[in-house]
Amino acid sequence: MDASTAARGSGRLSVRAFVRNRRALVGLGIVAVIAAFCFVGPLLYRTDQVTVRLDLADLSPGSAYPLGTDASGYDVLGRLMAGGRSSLELGFAVAFTTSVIGTLYGAVAGYLGGLVDAVMMRVIDTFLAVPGIVLLLMMVSMFTPTLWGIVLLLSLLSWLGAARLVRGEVLTLRTREFVQAARMMGGTGGRIVLRHLVPNAAGVIIVSGTFTIADSILTLSALSFLGLGLPPPHADWGTMLSAGLNSLYDGYWWLVYPPAGILIVTVVAFNLIGDAVHDALDVRLQRR
């Protein structure tokens, strides 16, 4: 059995284990519902999230506004949709960028090994020695925050962990028979990394990317809570939560509990998916 056939067999085994995992199905279902709420919802429930309407400020939930309005007169339900769209776009963008950079860096380090690997890992250790949140706060406070600017900053900080995970996986894969066979057949280092090592490390990459989505959404919420999130009229769940806490003691519960609840549910859903992918990968490795 060649490497490609074995990889396909292991992939099918992992998919079956993932589909049979109830946590995976629950997590996927929740993410699908939230994605539909954020991206399809605004097409069905249209609201104005740009114009400030102080005459409609702090209205309690009712037939006209199912979740009430905030201090600027924005419809809270529509604000949840707009904020979720920004949060999900950021999470997926950071996960994709982080996976690409971290995978290539870690795969090259693990494949080459020796002095090159030692130097590349020391670079990662140097960056990890600096508290990421402190560096992020400094950068955001120096520049005007934008969605893609925050994506770039989070990506520059998040790829380090992915690189370490992929490097560790590649260190175990590079001694396997199919890699040795590829070398004997004259395969170049780049071809071996891209065609053999990276595909076989896909499970680790997917797990890392899934958790990165949840971490990125939480980080954006933390920045917004500190007043360093997206500027108005952009919305995200952290900004809504931060603004709502100022009015919680006045009895405006609808400004806090909806964004807090959907934020918690979203992060938990992505963590469930990540755990399920990890378990499916463990099943594949056990069968090997």
Side-chain angles (χ1 to χ4, degrees), residues 25-95 145-148 150-151 154 210 213-273:
L25 299 179
V26 171
L28 286 175
I30 293 175
V31 170
V33 170
I34 292 176
F37 172 76
C38 296
F39 290 95
V40 181
L43 302 177
L44 305 176
Y45 184 79
R46 298 183 179 275
T47 60
D48 184 1
Q49 297 296 326
V50 177
T51 305
V52 175
R53 292 288 304 274
L54 296 179
D55 56 315
L56 300 177
D58 296 327
L59 296 180
S60 59
S63 57
Y65 303 100
L67 289 179
T69 62
D70 62 11
S72 298
Y74 295 132
D75 186 297
V76 173
L77 180 58
R79 202 80 175 154
L80 281 177
M81 297 176 184
R85 187 167 60 248
S86 298
S87 299
L88 291 177
E89 288 175 351
L90 176 134
F92 280 102
V94 172
T146 63
L147 178 61
W148 297 111
I150 295 177
V151 167
L154 288 179
T210 304
I213 296 175
D215 292 341
S216 299
I217 293 175
L218 280 178
T219 302
L220 175 62
S221 300
L223 290 174
S224 302
F225 190 81
L226 296 173
L228 297 173
L230 300 176
H234 298 287
D236 64 84
W237 293 330
T239 300
M240 295 178 64
L241 185 59
S242 177
L245 285 177
N246 297 327
S247 304
L248 181 61
Y249 294 108
D250 295 328
Y252 302 144
W253 57 267
W254 59 89
L255 301 180
V256 176
Y257 295 140
I262 196 170
L263 175 62
I264 293 172
V265 170
T266 301
V267 172
V268 169
F270 279 111
N271 284 332
L272 287 176
I273 295 174

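The first residue of the sequence shown is numbered 1, and numbering continues consecutively from there. Just so it is clear, the values below take in all heavy atoms, side chains as well, and ignore hydrogens, waters and symmetry mates.
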Taking atom OH of Tyr252 and atom CG of Leu59, what is their separation to the nearest 0.5 Å?
-> 9.5 Å
Side-chain heavy-atom pair Leu218, Phe270 within 4.5 angstrom cut-off | no
Under 3.5 Å donor-acceptor, Thr219 side chain and Asp215 backbone | yes
Heavy-atom pair with the smallest gap, counting every atom of Ala269 and Val31 | CB-CG2, 3.8 Å
Can you check whether Val52 reaches Tyr74 side chain to side chain, under 4.5 Å on heavy atoms?
-> yes
Can you find a heavy atom in the side chain of Pro66 that is under 4.5 Å from one in the side chain of Trp254?
-> no
Measure the CG-CG distance between Leu154 and Leu220 for me, rounded to the nearest 0.5 Å.
-> 7.5 Å
Considering all heavy atoms, the nearest Ile213-Ala95 contact | CG1-CB, 3.5 Å
Any side-chain heavy atom of Arg85 within less than 4.5 Å of one from Pro42?
-> yes
Where Gly84 and Cys38 come nearest, the two heavy atoms and their spacing | CA-SG, 3.5 Å
Side chain to side chain, Thr47 and Tyr65, heavy atoms closer than 4.5 Å = no
Just wondering, are more than 12 heavy atoms of other shown residues or ligands nearer than 6.0 Å to OH in Tyr45?
-> yes
Among Val268, Thr266, Val267, which one satisfies side chain to side chain contact (heavy atoms under 4.5 Å, CB included) with Ile264?
-> Val268
Nearest 0.5 Å, what's the CD1-CG distance between Ile217 and Leu263?
-> 7.5 Å
Just how far is it from atom CD of Gln49 to atom CG of Leu80, taken to the nearest 0.5 Å?
-> 9.0 Å
Nearest heavy-atom approach of Gly83 to Trp237 is C-NE1, 3.8 Å
Minimum heavy-atom distance between Asp236 and Ser87, given as atom pair plus value | CB-OG, 4.0 Å
Side-chain contact, heavy-atom cut-off 4.5 Å: Met240 with Val76?
-> yes
Here the gap from Leu77 atom CG to Thr69 atom OG1, rounded to the nearest 0.5 Å, amounts to 12.0 Å
Validation row: Ile30, Val265 side chains within 4.5 angstrom (heavy atoms) = yes
Do Leu255 and Asp58 touch side chain to side chain, with heavy atoms closer than 4.5 Å?
-> yes
For Asp75 against Ala64, the heavy-atom pair lying closest together | OD2-O, 4.4 Å
